[in-house]
Amino acid sequence: MTRALSSNWNMVPAIRRSPVAAAPQHRLSAAFVPEARRSAPAMLFSRYLLPVMKETPADAQIVSHQLMLRAGLVRQTAAGIYAWLPLGLRVLNRIADLVRREQDRAGAIELLMPTIQSADLWRQSGRYDAYGPEMLRFQDRGGREMLYGPTNEEMITSIFRDCVRSYRDLPRTLYHIQWKFRDEVRPRFGVMRGREFLMKDAYSFDLDAEGGRASYDAQFTAYLRTFAALGLRAVPVRAPTGPIGGDLSHEFHILADTGESEVFYDSALDAVDLADADAPAMLRGLYAMEAEEHAKVENCPVPPERLASRRGIEVGHIFFFGTKYSHAMGLQVQAKDGTQVTPLMGSYGVGVSRLVGAIIEASHDAGGIVWPDSVAPFDVGLINLRPDDALCATAAAEAEARLEAAGLSVLHDDRDARGGEKFATMDLIGLPWQIIIGPKAAAAGLVELKRRATGERHEVSLDDAMARLKGPRAA
RNA sequence: CGGGGAGUGGCGCAGCCUGGUAGCGCAUCUGCUUUGGGAGCAGAGGGUCGCAGGUUCGAAUCCUGUCUCCCCGACCA
């Protein structure tokens, strides 16, 4: 498959580097394996598909959408539907890999359910009629009613029902990372509110409420870890709960002025380090509510001067809904005492594709995107200012080899373009580090190392540059 | 779903009111000169003006219909 692709792309027979070998760290393995990234050859800009734009497309309103288009991450193909171009896909995959890693660590088990579902399944839960026009419905050639899944509660319940008979098979939490479709009335904000979106959704099955609570807490903690690993601060706020009540529904919000929803919280929360292992316990006593839920509160326990109100981008939502689907769909397992019990369920979503936009909202500057190290499409952008200069070419080749050997992913701008254009492009696409090879520094045996986030740049030896680059990745 | 706006080379736009056979900037290609923050000169390629009807000698322009996209509001990961 990859081979066929490469022959399509490269009409030139003798290429310096096969794009096959240069294939990114695509997930052939289910687990997050940093080693898989080791010694991947640098991607040459001149052989990549990276259509950057100087001008901002008129349709894009918010900055993340504008930057995603300008940096060549996505192309819109219909309202709320996007094609992921190579650079964007790398980011999407890295986010998915991080989400996967934390799900696995939390004990969840990955599977993959289809995008297309049958209406019959949804009739079992009664949601086929309840869901409304957001659900994309159609018929196959046999006239059977089908739909493009907006979520998978019915399907996972059906699968679990068919696979599991005994209490011994519980508890389990299953997840997949799959495309969903919701026919939003009004898609907007690029991938942050598209109709088609990539989502991690997990589903827990427990024998009793206590177990359900434990499964919920495990996901809660996994979410804190996931967002921290992504370089994001996403605060959990209570969301409207289902029939069970209590506080078993949280939304995770990245606080940003462009957020679509409003959240209210005790400003003491601003001081909580969400990456800390004790964060879940610290959060337990702190008031934080999604707007609708906050409105229901009659006596807000937070003194007015400490009540903060911010806009938030919802990037995760978890909730516990008990037997809603298991009961409706006849999922039962035999208990230790021989009786049939109906498992309690929860579901846990992360908007993977939405996160790409959300991260950019939270991390950009006048020059363009500023990727967190953990999700950057490439670790390092290598700029050779004089590809035709022998000394520079040698220096660039050496830098490239060293970076590859160190397991760093590299985009090498080998284009025959002027410095200014290369700088602007590299800043726009936001790779965390830049190594710049110029004639003067090269003559002195030095390279220039630039940190995108701060703009800091230093002329250093290649050894020193490598030492600095390895530092943050080891963390 | 209500209200508004827009469809003209890849991107951003002008032309439309007052019909006469399509233009500007960026991008692309060629050559020369350049080369550390989106270069200069010279030349070149690329557009059924969203689509379908209609009016007219003649339609990007006027009329009708239709599709698509965007914005504001109500709703959602």
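Every chain is numbered from 1, with letters handed out A, B, ... down the list of sequences. All values derive from a computational prediction rather than experimental measurement.
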_Gap between atoms CD and C1', on A:E262 and B:C75 respectively (whole Å)_ = 17 Å
_Please report the distance, rounded to the nearest Å, between NZ in A:K422 and P in B:A39._
13 Å
*Pick base, sugar-phosphate or nothing for A:G194, based on heavy-atom distances below 4.0 Å to the nucleic acid.*
base
*Of A:Q61 and A:V315, whose nearest nucleotide on RNA chain B comes first from the 5' end?*
A:Q61
*When you get a sec, tell me which of B:C13, B:C69, B:G36 is the closest nucleotide to the side chain of A:A58?*
B:C13
_How many whole angstroms separate atom CZ of A:R415 from atom P of B:U28?_
9 Å
*Measure the distance from CD1 on A:I81 to C1' on B:C69 and round it to the nearest whole Å.*
13 Å
*How about A:E153 and A:S125: does a side-chain donor come under 3.5 Å of a side-chain acceptor?*
no
_Distance, rounded to the nearest Å, where A:R418 contributes CZ and B:C26 contributes C1'_ = 16 Å
*Quick one: do A:Y131 and A:R182 satisfy side chain to side chain contact (heavy atoms under 4.5 Å, CB included)? Show the steps, please.*
CA-CA 10 Å; A:Y131 212 91; A:R182 292 184 192 170; 3.8 Å; yes
_If you compare every side-chain N and O of A:R386 against the phosphate oxygens of B:U35 (OP1, OP2), does one of them come in below 4.0 Å?_
no
_Taking any heavy-atom pair under 4.0 Å as a contact, classify A:T425: base, sugar-phosphate, or nothing._
base
*Just checking A:R70: base, sugar-phosphate only, or nothing, at a heavy-atom cut-off of under 4.0 Å?*
base
*Answer with base, sugar-phosphate or nothing: what part of the nucleic acid does A:G438 contact at a heavy-atom distance below 4.0 Å?*
base
*How long is the line joining CE of A:M68 and C1' of B:C11, in whole Å?*
18 Å
*Carboxylate-amine/guanidinium contact A:D257 A:R311, below 4.0 Å*: no
_On RNA chain B, compare the nucleotides closest to A:F197 and A:K440; which residue's is nearer the 5' end?_
A:K440
*Is a donor-acceptor contact shorter than 3.5 angstrom present between the side chain of A:R193 and the base of B:C75?*
yes
*Could you check whether A:K200 gets within reach of a base, just the sugar-phosphate, or nothing at all, counting any heavy atom under 4.0 Å?*
nothing
_Mate of B:U18 where both pairing distances stay under 3.5 Å, Watson-Crick or G-U_ = none
*Could you tell me whether A:D427 contacts a base, only the sugar-phosphate backbone, or nothing, with contacts defined as non-hydrogen atoms closer than 4.0 Å?*
base
*A:R452 has an atom CZ; how far is it from atom P of B:G37, in whole Å?*
17 Å
*Rounding to a whole Å, what distance do you find between A:L50:CG and B:G10:P?*
19 Å
*Tell me whether the centres of the aromatic rings in A:F205 and A:F160 are closer together than 6.0 Å.*
yes
*Looking for any heavy atom pair under 4.0 Å, which part of the strands does A:E448 touch: base, sugar-phosphate only, or nothing?*
base
*asked:* Under 3.5 Å for both donor-acceptor distances, Watson-Crick or wobble: does B:U30 have a partner, and if so which one?
replied: B:A42
*Nearest of B:G38, B:C69, B:G36 to any side-chain atom of A:A424?*
B:G38
*Would you say the side chains of A:D427 and A:Q434 form a donor-acceptor pair under 3.5 Å?*
yes
_Using the ring centroid of each side chain, check whether A:H294 and A:Y265 are separated by less than 6.0 Å._
no
*asked:* From the set B:A74, B:G37, B:U35, return the single nucleotide nearest to any side-chain atom of A:F423.
replied: B:G37
*Tell which nucleotide pairs with B:U55, taking only Watson-Crick or G-U wobble pairs whose two distances are both under 3.5 angstrom.*
none
*What about A:E421, does its side chain sit under 3.5 Å from the base of B:G37 through a donor-acceptor pair?*
no
